[in-house]
Amino acid sequence: MSSTYTILDDLVKLVIRSFYPDDFAVIVDALLREKKRVRDEQLANTLRVQQKYVRKILLDLKGDSMVKSADVKIEGTKPGERTTTQLLWYIDYKHIIDIVKYKLWMFGKKMESVKVQKIDVQTYRCTVCSKIFTAYDIPKLLSPEGELFCDDCDGELIEDHNNESLTQTAKHQSDLSSQLKKIVEQLKKTEGLQIPIFARDLAEESSGAGSNLTINANSSSGFGPKQSAFAPVSQSAATKTPLNTNPNSIDFVIEILENDNIEMNKAPVKKDNKKTGMASLPPWLLPSNSILNKSKNSNNANVSQANANSQKDNLLNVKREPVVVDQEVYLDYIKNHYKEWESYDPSNDTTPSSSSTSSKRALEDENHNNSDPYKKKIKYENEDSNSTNGDYDDQQVASTSQSPKDQEQEEECDVFVSIGKKYIPLTQVTEQDQEDMTAQEYEDYSTALYKYATRNLFDYNNSSIIA
Amino acid sequence: MFFHLTLEKDLHIHPKHCGPNLFSIATQQLHSEVEGTCSGRYGFIITITSVDFISKGKVLESSGFVVFQVRYNAIIFKPFRGEVLDAIVTKVTNLGFFAEAGPLSIFVSTQLIPSDMQFDAQSANPCFVSEDGSTRISKDDEVRLQIKGTRIDATEIFAIGSIREDYLGVIS
């Protein structure tokens with residue numbers, strides 16, 4: 001970027017020195033050193049010349065589009081102060097490049113037209129007075145006899161050979177091209193460059209527009225400006241300049257992928273799910289229900305061995321293959337899960353620790369009331385319903401108060417669910433009955449059905465093991 | 001190049017014509033005053049196609065002339081640089097030849113005549129003859145030329161032509 005400023009500054013200086021007197025060059029150099037929009041008064045103070053003189057030269061340059069000016073409103077800093085307008089002068093690199101290119105093209109065009117003019121329009125010279133006439137003057141000079149005479153001296157006119165003037169024109173052209181060679185080379189250097197804004201204050205204004213413009217920063221030697229701290233890092237600049245290693249400047253890009261089709265992104269998503277809380281976990285993923293944890297706590301060596309096997313299976317059987325259900329492990333899982341579920345306390349069961357304590361309590365309760373584990377559950381539910389909603393006394397979920405013997409005998413008729421004011425055995429609940437239930441009743445029905453199904457499965461498995 | 005333009009003019013009519021034939025006389029006067037003239041801006045006014053009197057006559061106190069503001073349509077001829085015209089040679093000199101394309105007078109210098117054509121001073125009629133003698137440019141010949149430049153005065157247009165380019169020269 002520094003070289004860009006050098007190239008542009010050199011171009012401006014070359015152009016000014018080629019076509020303007022020295023005082024113009026001095027003022028433009030001072031403007032280039034300022035690197036910002038300045039008042040003519042400031043330039044005059046810097047150069048110690050009259051402000052009027054500076055303004056005159058700047059106006060001349062503005063007429064040639066070499067410098068630009070802008071009226072800037074400056075609001076008063078104090079409350080009573082008026083808003084004033086200041087005329088600030090600056091250089092527009094892009095504009096100057098365009099102007100120089102245009103003027104060079106015009107030079108070429110004018111030289112060509114001069115050449116064509118000399119070829120097309122024949123000149124004639126008086127043999128007496130050497131006065132030069134062009135072909136346009138022929139009608140005035142033509143005598144009735146068809147001869148040409150000088151209108152001053154009546155001398156005869158002869159054709160003036162244009163070869164000399166043509167060679168002279170060619171020489172002029174070559175001179176011009178050699179003189180303009182440096183400027184043309186400098187212009188070629190600017191091609192493909194990102195032309196920055198000259199003035200810092202302008203760059204600040206334009207930065208809001210999101211353009212890729214950079215500003216001209218202050219230079220160390222007055223000729224080689226450094227890269228501006230305000231310059232937005234473009235793609236090309238980023239590749240050329242070393243990266244900023246300041247940790248504060250490092251940006252982390254976090255991409256949240258909604259589409260989990262990519263295999264690599266599956267694992268982090270699952271990880272996040274684990275962190276969302278115990279409530280969202282399925283029962284078999286709860287730490288207290290985990291088969292592995294239970295196997296550690298269990299005193300049964302067989303069960304422990306079976307759990308170990310199942311762990312092995314889980315680890316090894318990554319592919320979905322038909323898994324042979326180990327009855328013992330399965331029963332242990334069902335039992336533990338039932339205990340866990342039984343000891344579930346919605347008020348404080350949000351963390352694994354509370355879950356584990358409630359699990360312990362459930363185990364203790366089971367030890368005490370080993371005869372009827374379901375009774376405890378129903379009692380617990382009754383207590384909970386009484387404490388939270390006393391109106392549900394009449395609509396209490398039907399309880400199972402049978403002894404194990406009765407339970408064995410009346411497996412299918414011992415559970416009743418309430419639908420409105422009726423009590424219907426669990427096994428006889430129809431879809432119509434389910435539709436008639438209230439939300440609370442349906443919840444209770446689901447709970448009872450779950451218990452019933454769990455118990456039946458447990459009994460079935462027991463019987464199958466025995467068999 | 002020819003144009004059909006609408007122009008305006010203040011027409012001064014002598015008081016002796018202020019009678020029943022006023023407008024026909026005024027129209028005739030407009031034709032005679034305008035046709036064939038040349039203005040630097042529009043070129044040669046070739047002919048008037050229609051005339052509209054857009055104001056009532058106003059008598060000038062000092063002279064008694066009546067002034068009518070007239071709007072008329074006219075065919076205009078204005079030569080442009082690079083235009084190719086057919087012209088008739090009017091005069092041939094050793095420095096070149098003159099030709100006329102309607103009202104426009106064009107001079108073609110020897111520099112803009114093909115280099116193989118030379119002025120034949122020996123001939124009874126001054127002319128430019130090609131080396132093989134097949135082509136000859138003399139008075140009243142019709143040539144096709146290209147206009148290289150014009151000099152436009154307030155009342156006159158003069159042009160410089162060339163027959164050096166391809167497909168230019170004598171029209172046989």
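Proteins get letters first, then strands, A, B, ... in listed order; numbering begins at 1 in each. Given the structure is predicted, the values throughout are model-derived calculations rather than measurements.
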**Study point:** Structural part of Ser162(B) lying under 4.5 Å from a heavy atom of chain A
**Key:** neither

Exercise for review: Give the minimum heavy-atom separation between Asp120(A) and Arg81(B), together with the two atoms involved.
Suggested key: OD2-NH2, 3.6 Å

Check your understanding: Between Phe158(B) and Ala135(A), which heavy-atom pair has the shortest distance, and what is it?
Key -> CE2-O, 3.4 Å

Review point. Is the number of heavy atoms from other residues, nucleotides or ligands within 6.0 Å of CZ (Phe107(A)) greater than 12?
Key: yes

Practice item. With a 4.5 angstrom heavy-atom cut-off, could you sort out which part of Leu95(B) is near chain A: side chain, backbone, both or neither? Key: both

Exercise for review: Could you tell me whether Asp153(B) atom CG has more than 12 heavy atoms of other residues or ligands within 6.0 Å of it?
Suggested key: yes

Exercise for review: Answer yes or no: is there a side-chain heavy-atom contact under 4.5 Å between Ile160(B) and Val121(A)?
Suggested key: yes

Practice item. Name the region of Thr134(A), side chain, backbone, both or neither, that has any atom closer than 4.5 Å to a heavy atom of chain B. Key: neither

Revision key, fill the gap. When every non-hydrogen atom of Ser143(A) is compared with those of Lys91(B), the smallest separation belongs to O-NZ, 3.9 Å

Point to revise | Heavy atoms from other residues, nucleotides or ligands near CZ of Phe80(B) exceed 12 (cutoff 6.0 Å) | key: yes

Check your understanding: Once you round to the nearest 0.5 Å, how far does CG of Leu148(A) lie from CG of Asn94(B)?
Key -> 7.5 Å

Practice item. Please report the C-alpha distance between Phe107(B) and Leu142(A) in whole Å, then the side-chain angles of each, then the deciding distance to 0.1 Å, and finally whether the side chain to side chain contact (heavy atoms under 4.5 Å, CB included) criterion is met. Key: CA-CA 11 Å; Phe107(B) 176 68; Leu142(A) 191 68; over 6 Å; no

Check your understanding: Rounded to the nearest 0.5 Å, what separation is found between the CZ atom of Arg151(B) and the NZ atom of Lys140(A)?
Key -> 5.5 Å

Exercise for review: Measure distances from Thr150(B) to the heavy atoms of chain A and classify the residue's part below 4.5 Å as side chain, backbone, both or neither.
Suggested key: backbone

Practice item. Check whether more than 12 heavy atoms from other residues, nucleotides or ligands sit under 6.0 Å from atom NZ of Lys115(A), and answer yes or no. Key: no

**Study point:** Residue-level contacts of residues 136-149 of chain B with chain A, using a heavy-atom cutoff under 4.5 Å
**Key:** Lys148(B), Gly149(B)

